[in-house]
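So the structure is just underneath, and the comments pick up after that.
Only heavy atoms go into these numbers, but all of them, side chains included; no hydrogens, no water, no symmetry mates. Below, chains carry the letters A, B, ... as their sequence lines are ordered, and counting in each starts from 1.
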Amino acid sequence: MGKTVHVLSQSQLIDAIKSNDAKVLKELYTRNYPKVEALVLKNSGSIAHAKDIYQEAFITVWTHVKQNKFEPQNDTALQGYLYRISKNKWTDVLRSKSFKDVKSLDKDNLRAVKDDETYNEPENKKLKITMAAFENLGQPCKQLLKTFYFEKKSLKEISEELNIEENTARNKKYRCMQKLRAVVLASK
Amino acid sequence: MKNSDNISQELLETIERYLNGTLSTQELDDFNRLLDIDDDFKAQVEDVRAMLFGIEAQALKEQLNEFHKDIPKTKTVAHTQKQKVRFLSYSRIAAAAAIIIAIGSIWFFSTPQNEKLYADYFKPDPGLPTTMSSTDNFEFYEAMVKYKHGDYDIAISKWNALYESKPDNDTLNYFLGVAHLANRKEAEAIPFLERTVQSKKDFVLINDAYYYLGLAYLQQGNIELAKTNLSQSDNDIAKEILSKLTD
């Protein structure tokens with residue numbers, strides 16, 4: 001997919017996101033960040049805050065797209081959605097007690113609308129556990145699973161890259177999943 | 001939920017295929033039927049789904065940090081561009097202001113400074129001794145007397161009368177020049193002094209001629225020509241002014 005984000009229709013964009021198209025994801029990410037950074041900086045946040053909140057929002061948007069929770073309404077719907085979620089997340093941070101204790105906030109600027117962001121707390125917790133487990137998985141397993149599940153490469157491609165039999169790659173993948181599963185179950 | 005249950009490789013792969021929609025119609029029918037009747041199976045499917053999703057989410061998260069490394073560039077470019085534009089216009093204004101101030105101060109200060117330098121260094125040529133009175137040069141020396149008395153206008157008019165008939169006379173040119181200079185008429189002094197220094201003949205007062213010519217240009221604010229002429233002069237005082245001008 002050699003197209004850039006701004007020439008993709010929203011449905012093409014959605015499809016690209018669903019398949020984790022690295023180029024599209026990257027462009028979507030980099031193009032929309034400055035606005036969010038400006039927002040956070042304008043509202044008593046730092047660049048580090050902006051990065052954190054934006055990445056969280058980005059993953060939320062990506063999640064919603066994957067779960068078909070997001071239906072584009074117009075040509076820049078997704079980009080707007082990303083901004084709104086970032087804004088809401090930042091508002092939540094500003095409202096949170098821990099943040100209030102440190103800084104006073106500019107309430108006028110932050111009368112943000114609470115989004116229809118569907119939060120499923122238990123599911124969210126489960127997700128966080130899996131993410132943490134995967135984060136700390138050994139590098140070979142991590143790489144293999146990432147290539148297969150995130151980059152959507154076939155076992156054939158992976159086996160060629162690693163210079164192993166396809167079946168070996170398949171078994172490896174299974175063992176890695178077992179490992180990860182064990183960690184996830186242990187964390188519950 | 002029987003989370004501890006092991007999932008066989010076959011089952012895991014079947015669930016994966018179900019999740020990414022690559023089961024055949026027949027397989028899908030069987031799968032759905034099993035989902036309906038077996039809650040444990042359903043839980044296992046959800047488990048795998050959640051795990052795969054977690055892997056992707058974490059992989060994405062880590063990817064985002066990679067993406068982010070490219071942002072500072074694009075961002076700062078975008079930012080600094082904006083700021084640059086603003087900064088540029090500030091700096092342009094500043095530069096413009098600086099230039100205006102510089103030109104202004106050159107114009108405003110340099111003239112007085114040059115004038116000051118000129119005033120510091122300009123002393124009318126003492127003139128030639130007039131004791132000996134050779135008749136053929138009577139008019140010339142008569143003017144010289146006036147010159148020495150500071151009656152520059154009279155001296156000039158007398159020398160001018162002589163100049164009519166001897167326009168190439170170095171001495172005459174020179175003294176007309178210095179007289180005009182002493183009379184604070186540099187513009188009129190310059191042509192005479194120029195003619196003096198451009199004369200091919202060896203002129204005894206050539207160093208003084210260059211010196212006064214330089215001073216005349218200095219007074220006019222023409223630093224370059226002032227320097228050029230002063231540098232031609234061997235007079236110590238000319239060198240002194242020159243060094244002040246070059247500083």
Which bit of B:Leu12 comes within less than 4.5 Å of chain A, counting heavy atoms only: side chain, backbone, both or neither? side chain
Carboxylate-amine/guanidinium contact A:Asp15 A:Lys18, below 4.0 Å: no
Using a strict threshold of under 4.0 Å (side-chain N to carboxylate O), is an ion pair present between A:Lys142 and A:Glu135? no
Checking heavy atoms, do the side chain of B:Gln63, its backbone, both or neither come under 4.5 Å from chain A? side chain
Okay, side chain of A:Thr130, backbone of B:Gly54: is any donor-acceptor separation there less than 3.5 Å? no
So, are A:Glu166 and A:Lys156 salt-bridged, with charged N and O less than 4.0 Å apart? no
Ranking A:Phe134, A:Tyr29, A:Phe150, A:Phe58 by heavy-atom pairs under 4.5 Å to chain B gives rank one to A:Tyr29
Chain A heavy atoms under 4.5 Å from B:Glu66: which part of the residue, side chain, backbone, both or neither? neither
Which region of B:Asn20, side chain (C-beta onward) or backbone (N, CA, C, O), has a non-hydrogen atom less than 4.5 Å from a non-hydrogen atom of chain A, or is it both or neither? neither
Does B:Phe67 have A:Lys26 sitting over its ring (NZ/CZ under 6.0 Å from centre, angle to axis within 45°)? no
Per-residue tally against chain B (heavy atom, under 4.5 Å) across A:Arg170, A:Lys173, A:Lys146 peaks at A:Arg170
